[in-house]
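Heads up: the structure comes next, in structure tokens.
Letters go in sequence order (proteins before strands), and every chain restarts at 1.
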Amino acid sequence: MDLQHILQQKIQEVVLKEYEVELPAVEFQPTRKDFEGDVTVVVFPMLRFVKGNPVQIGERIGAFLKEEVDQVTDYNVVKGFLNLVISDAFYLRFFNTVKSEAQYGWVPQGPEAIMVEYSSPNTNKPLHLGHIRNNLLGYSVAEILKAAGKKVYKTQIINDRGIHICKSMLAWQRFGNGETPQSTGLKGDKLVGNYYVAFDKAYKEEVAEMTAKGMDGNLAEKEAPILQEAQQMLQRWEAGDTEVVDLWKKMNGWVYEGFELTYKNLGVDFDTLYYESDTYLLGKEFVREGLEKEVFFKKEDGSVWCDLTEEGLDEKIVLRSDGTAVYMTQDIGTAIQRVKDHPDINGMVYTVGNEQDYHFKVLFLILKKLGFSWAERLYHLSYGMVDLPSGKMKSREGTVVDADDLMAEMTRTAAEISEELGKLEEYTLEEKQELYQMIGLGALKYYILKVDPKKRILFNPEESVDFQGNTGPFIQYTYARIQSILRKADEMGIDHTAMVEVEQLHAKEKELLKQLQLFPETIQAAATNYSPALVANYIYELVKEFNSFYQQVSILGEVDETKRQFRVALSKKVGEVIKLGFGLLGIQVPVRM
RNA sequence: GGCCUCGUAGUUCAAUGGAUAGAAUAGAAGUUUCCUAAACUUUAGAUGCAAGUUCGAUUCUUGCCGAGGCUACCA
């Protein structure tokens, strides 16, 4: 039984004895640094049950606990806060039980499986900074859920179908002169993206020409020939026209090769993939079924809708009048397909930007209306957009921070800083390059993940991402220092594997142990809140605590052998937790830097 | 117009309804004969405005102000 339960039981016991009241639950919190103590009992909430002065009640409980509970060595009461001092022996016992746990903080996998969808780009343009946030969040949440005992399938829906890819295809046909990634040396996704921009340019020119001739702007936007041609292309595609399908396969293939490289550099992966082109038909099937069940209704023009006015929402289209599928159609199909493929799924997480909050609200509602039980367990992991000082990123207008470019630049900055410090003389070029990438990406990933997912991020490319302070490299650096200590400890022949039997803890050691103790509950909280930021903040606190300890306390230079062994073992454990925690964020840690 | 998010030091981020609102960065001042100074220590600086609920509100409710988004037969 853990300490909190013991304390709660004892507090309930003493309150019953002294005040003849049954107390439901007790509120605990870590004692704030400015006060003496380790665990704080908040007395205020008890006032609802116990009549009296909070300070007096605190005093009585404190005196009782000090008497009755071994681990409580002292107490003090400030206003309505009862601060308990917990014995060193308690923290040492805790350390001895976890010191050799390889995956401290992890919960064994249960039967429940969750599918986490992330990334899901359109296949007509390269990935940008917004996708990076998406990928990092999705990957990290998946890892956190695993650590919290869930079986996880990582997946993405590849939006390989639709008007957007037809635009790139059409532009390539018109202006491409048979260019390929091989012939141009461009990454496939970049090449295809260029044609998407080319389409937009041609389209705008046509619209401008038409309005110059006196046509209404809105009408021109609808009737521009190149757009109409793209729309016809989509219909030909849905009809299975071989010429269109072949081109579509070829150009999508280019894009996938490009994406693969970006994912590899970013360090994310997927267990299964879904293609919209495979699932939209299933979606259509369920639209038909929904019509029969009268979940949907048909308008005179043949388009199919779902009436959500009773739920306080609008009517939503699920099939166009020309019979082609819309976004919603394929999402219905995809969800159903996934559960068919993985019957153990008991929930899905969709990592998609908050601009689609409404879409997912509607999607989840429709799936419920269609009668799927698992529809109750869907979660939209909604995150804020990454905006530039100039506003929203728009691929068509070329105002994007490209994912590959940004990663390369972060690596370059890491290299510059590192070269300046010049600590890596013995490293080979490859080793250095690998390290620079680790640090550069660490900075970028931490920068993005430490922020609450809900919040919008304003990214200023002019001001580079920090490498000092509350940053990824700061934490990586601390890890590297710990590894250095461990290497030296090995050379000195210090045995840090034995049971720790020191008599008394240094204040800094105690703080570190308290922080270590919080790791498992941090993982749980991160899982229930789908928030990697909680893990990032936890690791930062741990690292700050360690650096302070490192500064004030001599580790290898300690003369007392048991203390020295303990400090080495403690450093090792802190290093392990840093590595585990950063692993949950998808960030690697170096043995030197 | 309706609906949804978000407003915290100059800037970037924290704070299950709890104590004197924490950090980082930029600013000022220090710490290398000693385990990696990408570090440590000290210093100054913030809850958009107004009510309400509460013993207690950055957190919950309402109104206003400000930023962004959705409200497409685009995805």
Side-chain angles (χ1 to χ4, degrees), chain A residues 27 29 31-35 40 42-45 47-48 54 78-81 83 120-122 124 157 159 161-165 167 276 299 301-305 312-314 316-322 324-328 330-331 353-359 361 382 384-385 387 391-392 414 417-418 420-421 423 439 443 447 450-452 454-458 460 463 465-478 480-489 492 525 529 533-534 536-537 540-541 543-544 547-548 550-558 567-568 571 592-593:
Chain A
E27 194 179 317
Q29 55 186 249
T31 303
R32 290 182 54 151
K33 292 254 168 63
D34 342 331
F35 301 92
T40 295
V42 189
V43 183
F44 290 112
L47 295 179
R48 258 189 292 162
V78 182
K79 295 183 191 169
F81 298 92
N83 301 319
S120 305
N122 288 344
N124 62 331
I157 177 77
N159 302 302
R161 180 205 80 87
I163 191 76
H164 53 91
I165 180 70
K167 289 176 179 174
E276 184 189 332
K299 290 194 176 173
D301 62 4
S303 56
V304 180
W305 298 72
L313 304 173
D314 293 329
K316 187 76 190 176
I317 187 158
V318 291
L319 202 65
R320 290 195 191 98
S321 53
D322 64 5
T324 55
V326 292
Y327 184 31
M328 191 59 76
Q330 63 98 358
D331 262 359
N354 64 10
E355 56 189 357
Q356 295 190 34
D357 286 356
Y358 184 72
H359 172 81
K361 215 186 218 176
S382 164
M385 294 288 101
D387 290 329
K392 208 175 167 175
I417 295 173
S418 201
E420 217 168 283
L421 294 171
K423 296 180 188 172
I439 296 170
Y447 174 80
K450 76 170 180 188
V451 182
D452 185 297
K454 278 202 305 282
K455 290 201 172 166
R456 171 170 173 252
I457 291 183
L458 195 69
N460 189 347
E463 298 165 20
V465 174
D466 277 335
F467 284 70
Q468 267 155 13
N470 185 358
T471 67
F474 166 74
I475 289 161
Q476 289 172 321
Y477 173 70
T478 304
R481 258 183 174 180
I482 291 173
Q483 300 318 302
S484 171
I485 289 173
L486 295 179
R487 281 192 297 270
K488 293 209 163 112
M492 292 164 68
N529 293 301
L534 297 180
N537 290 333
Y540 177 63
E541 289 303 322
V543 162
K544 261 176 66 93
N547 278 336
S548 181
Y550 179 91
Q551 182 73 21
Q552 285 191 28
V553 179
S554 187
I555 299 167
L556 298 174
E558 170 59 44
R567 285 174 189 169
V568 171
S571 303
R592 289 187 52 182
M593 72 184 268

NA contact type, [X], heavy-atom cut-off 4.0 Å: base, sugar-phosphate, or nothing?
X        : answer
A:Thr478 : nothing
A:Val553 : base
A:Glu27  : base
A:Tyr540 : sugar-phosphate
A:Ile439 : base
A:Met593 : base
A:Glu276 : sugar-phosphate
A:Ile163 : sugar-phosphate
A:Lys423 : base
A:Gln29  : base
A:Ala489 : nothing
A:Ile417 : base

Can you check the distance between [N] and [M], where both ends of the measurement are the [atom1] atom (answer in whole Å)?
N     : M     : atom1 : value
B:G17 : B:C64 : C1'   : 24 Å
B:A50 : B:U31 : P     : 45 Å
B:G48 : B:U58 : P     : 9 Å
B:G27 : B:G10 : P     : 16 Å
B:A38 : B:U8  : P     : 33 Å
B:U32 : B:C40 : C1'   : 11 Å
B:C13 : B:U71 : C1'   : 32 Å
B:A39 : B:G22 : P     : 22 Å

Please tell me if [X] has a side-chain N or O lying less than 4.0 Å from either OP1 or OP2 of [N].
X        : N     : answer
A:Asn354 : B:U5  : no
A:Arg320 : B:A75 : yes
A:Arg487 : B:C35 : no
A:Thr471 : B:A38 : no
A:Ser484 : B:U36 : yes
A:Tyr477 : B:A38 : yes
A:Lys79  : B:U20 : yes

Out of [options], whichever nucleotide has its closest atom nearest the side chain of [X]:
X        : options             : result
A:Pro45  : B:A75, B:C6, B:G18  : B:G18
A:Lys544 : B:A24, B:A39, B:C35 : B:A24
A:Asn83  : B:C35, B:A19, B:C6  : B:A19

Expressed in angstrom and rounded to an integer, what is the separation of [X] atom [atom1] from [N] atom [atom2]?
X        : N     : atom1 : atom2 : result
A:Asp314 : B:C3  : CG    : C1'   : 9 Å
A:Trp305 : B:A72 : CH2   : C1'   : 9 Å
A:Leu421 : B:U36 : CG    : C1'   : 10 Å
A:Leu319 : B:A72 : CG    : P     : 18 Å
A:Asp34  : B:G18 : CG    : C1'   : 14 Å
A:Phe44  : B:G17 : CZ    : C1'   : 12 Å
A:Ile157 : B:A75 : CD1   : P     : 13 Å
A:Tyr358 : B:A72 : OH    : P     : 8 Å

For A:Asn547 and A:Thr478, does a side-chain donor sit closer than 3.5 Å to a side-chain acceptor?
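The criterion, which ignores hydrogens and geometry beyond distance, is satisfied for A:Thr478 and A:Asn547.
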pi-stack flag for A:Phe35 and B:A19, centroid dist under 5.5 Å, interplanar under 30°:
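Whether judged by distance or by angle, A:Phe35 passes, so it stacks on the base of B:A19.
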Anti or syn, where syn is a glycosidic angle within 90° of 0; which label fits B:U32?
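Syn, since the glycosidic angle lies within 90° of 0.
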Could you tell me how the ring of A:Phe81 sits relative to the ring of A:Phe44: parallel (under 30°), tilted (30 to 60°) or perpendicular (over 60°)?
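Aromatic pair A:Phe81/A:Phe44 classed perpendicular.
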Treating A:Arg320 as the side-chain partner and A:Val326 as the backbone partner, does any N or O pair qualify as donor plus acceptor under 3.5 Å?
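Such a contact is absent between A:Arg320 side chain and A:Val326 backbone.
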Could you list all N or O pairs between the protein and nucleotides 9-15 of chain B that sit under 3.5 Å apart?
unit_1, atom_1, unit_2, atom_2, d
B:A14, OP1, A:Asp452, N, 2.5
B:A14, OP2, A:Lys455, NZ, 2.9

